[in-house]
Amino acid sequence: MTYKPKSEFLHEMQTRGFLSDCTDLEGLDEALLNGVVPAYIGFDATADSLHVGSLIQIMMLRWLQKTGHKPITLMGGGTTKIGDPSGKDESRQLLTAEKINENIAGIRKVFDKYLTFGEGPTDAVQPNNAEWLDNLNYIDFLRDYGRHFTINRMLTFDSVKLRLEREQPLTFLEFNYMLLQAYDYMELNKRFGCLLQMGGSDQWGNIVNGIDLTRRINRQTVFGLTTPLLTKSDGSKMGKSASGAIWLNEDKLSAYEFWQFWRNTSDADTGKFLKLFTELPVAECERLGALEGAEINAAKIILANEVTTLAHGAEAAKAAEATAREVFEKGGVGDDLPTVTLAASDLSDAGISVVQLFVKAGLVKSGKEAKRLIAEGGAKLDDVAVKDAGTMVSGEAIAATIKLSAGKKRHALVKIEG
RNA sequence: GGGGGGGUGGCAGAGUGGUCAAAUGCAACGGACUGUAACUCCGUCCGGGAAACCGUACACUGGUUCGAAUCCAGUCCCCCCCA
């Protein structure tokens, strides 16, 4: 890719490392220079929030809007009923329509932080493909669209090929996923004049199908663009951490824990993440990412602050940083730590056992694990190591709010209701 | 429809009558080291119990046996080959 894009959007995307492949970079560049380009990214409605794994797509839409174009966040209300076979070995569990709608509502909350929705020319819109997929007539669909796809070609796509090569089953239901996604693109082109579909590089096949179908049915030339599959420097997938997925919704993951995730970025990833997930100038990102030794910690704090500000607001970012400072540098108690409130009924006259306390605080999954933690010396109560798993904690101690620590990094506050 | 192979812990994958809560690797967690990084090293890693120990578990249901993840029968599911 030696072409130097002239449009602000592509220029930004290229220098920040968002681009993996494009069907026609030059043509797309021209379209972007000629006016508002509506572009879409599809999102599954399999969970009630999005996590860091989707953040690269979200940031891309944000840049798109910022540079004068129209983001379309397509909700896969219809396709989620099928499940995208890409990158999965096993068939996905089917969700009910109600659950899917709940999920869409949750996801919208995330987008509201990053995009401006509305009726204006560059305002974002959020259609749901159930609107058109739910009422498709099977025979009509086969006749009108099915004839544009050959099995020969479909078998060459990675999403299908990999499944077959690994001798994993691929149901006919899932096999149809790509037809429906292609149909989505065509439909969005009709409804919104959508000219670009973006997505992760695993979506390449699906995107190309949509482009072909749109050309055949609508006689429109449209474009496709993919982002690199994001992995951390250790090769692991982005978005998962010790305690599970890094959710973008605050009710699924506290701002403090979110901040911590970014603060713990490895050295090698810092510069890359700054470019992808913050809006700091590229030169600044590169300068920060090149810092060495302990100095790079400053860059990580900036990264955490910037990303948290986008996701949860400046206030939350500041509070998270202050708490981190308190907890890590002074060994104190930050008031922004995840807090667990116990009901008075959780306590007996003698109080509650430390083991139960750790379980209730969500720092460990079972009492067994809590005991292990204690035996290993990783469990602390107000920074004092717990030696005996039989220790009871009195109600008075908790009433005053108590700090639990599991290891050096995971902390929680516990207090009593009322 | 016929023939063959297989279903084991979060995943991968050993184990083919007692010594199996089940090798090994990955992931995860705690500790040491450090910079809240990486690397390395040590430890832990089904549930309950302070512990001795107990309970559940090797697809499901029954059976054989003093004793089963391991043998037998049936059921469900998966894969391969042939038609």
Side-chain angles (χ1 to χ4, degrees), chain A residues 87-91 93 162-171 174 231-246 256-274 288-305 307-308 320-334 336-338 350 352-359 361-381 383 385-393 403-412:
Chain A
K88 286 164 202 80
D89 282 345
E90 283 181 30
S91 305
Q93 211 177 353
L162 292 176
R163 264 296 181 93
L164 297 179
E165 274 171 8
R166 291 172 155 211
E167 303 189 346
Q168 297 285 349
L170 174 71
T171 63
E174 296 166 293
T231 51
K232 298 200 266 182
S233 58
D234 62 4
S236 66
K237 248 194 154 178
M238 190 64 197
K240 296 280 198 279
S241 85
S243 39
I246 301 300
Y256 171 74
E257 287 169 279
F258 185 78
W259 193 92
Q260 277 299 319
F261 170 78
W262 296 102
R263 173 64 245 266
N264 284 318
T265 300
S266 34
D267 291 7
D269 289 328
T270 305
K272 182 165 85 176
F273 286 2
L274 279 165
L288 289 168
L291 291 175
E292 298 209 356
E295 285 193 344
I296 200 166
N297 279 326
K300 293 180 190 179
I301 290 171
I302 292 171
L303 173 68
N305 280 336
V307 180
T308 307
E321 186 187 0
T323 292
R325 231 177 254 294
E326 189 66 34
V327 172
F328 285 95
E329 292 174 23
K330 299 181 194 157
V333 178
D336 196 37
L337 285 175
I352 183 170
S353 70
V354 255
V355 170
Q356 278 311 305
L357 207 50
F358 272 87
V359 174
L363 291 170
V364 293
K365 288 195 209 70
S366 67
K368 198 84 181 167
E369 222 171 273
K371 282 171 214 142
R372 225 174 274 140
L373 191 66
I374 291 166
E376 291 170 337
K380 294 198 188 104
L381 224 60
D383 298 309
V386 179
K387 295 186 297 289
D388 181 6
T391 308
M392 295 299 285
V393 180
K403 176 180 157 203
L404 304 187
S405 310
K408 290 183 196 157
K409 290 196 194 175
R410 294 154 55 225
H411 308 278

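Throughout, protein chains are lettered first and strands after them, A, B, ... in sequence-line order, and every chain is numbered starting at 1. Reckoned from all heavy atoms, side chains included, excluding hydrogens, waters and symmetry mates. Predicted, not measured: the structure shown is a model, and the values here were computed from it.
Taking atom P in both G31(B) and A14(B), the straight-line distance is 35 Å, to the nearest Å. Nucleotides C72(B) and A23(B) place their P atoms 25 Å apart, quoted to the nearest Å.
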Evaluate the criterion side-chain contact (heavy atoms from CB on, under 4.5 Å) for residue pair R372(A) and V364(A); output intermediate values, then yes/no. CA-CA 10 Å; R372(A) 225 174 274 140; V364(A) 293; over 6 Å; no
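If you check C11(B) for Watson-Crick or wobble pairing at under 3.5 angstrom, you find it paired to G25(B). When Watson-Crick and G-U wobble pairs are counted only if both distances are under 3.5 Å, G1(B) pairs with C82(B).
In summary, the side chains of D269(A) and S266(A) do present a donor paired with an acceptor at a separation below 3.5 Å, with no hydrogens or angles considered.
Listed nucleotides: A50(B), U36(B), G30(B). Nearest to the side chain of W259(A): U36(B). For A294(A), counting side-chain heavy atoms from C-beta on, the closest listed nucleotide (G30(B), G35(B), U36(B)) is G35(B). Among the nucleotides A50(B), C29(B), A37(B), the one closest to any side-chain atom of K409(A) is A37(B). Taking every side-chain heavy atom of N264(A) into account, A37(B) is the closest of A37(B), A50(B), G31(B). With distances taken from any side-chain atom of L373(A) to the nucleotides A38(B), G35(B), G30(B), the minimum falls on G30(B).
Rounding to the nearest 0.5 Å gives a distance of 11.5 Å between CD1 of I301(A) and CG of L288(A).
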With the sugar-phosphate defined as primed atoms, P, OP1 and OP2, and the base as all remaining atoms, what B/S/- string results for nucleotides 43-48 of chain B, 5' to 3', for protein heavy atoms under 4.0 Å? BSS-SB
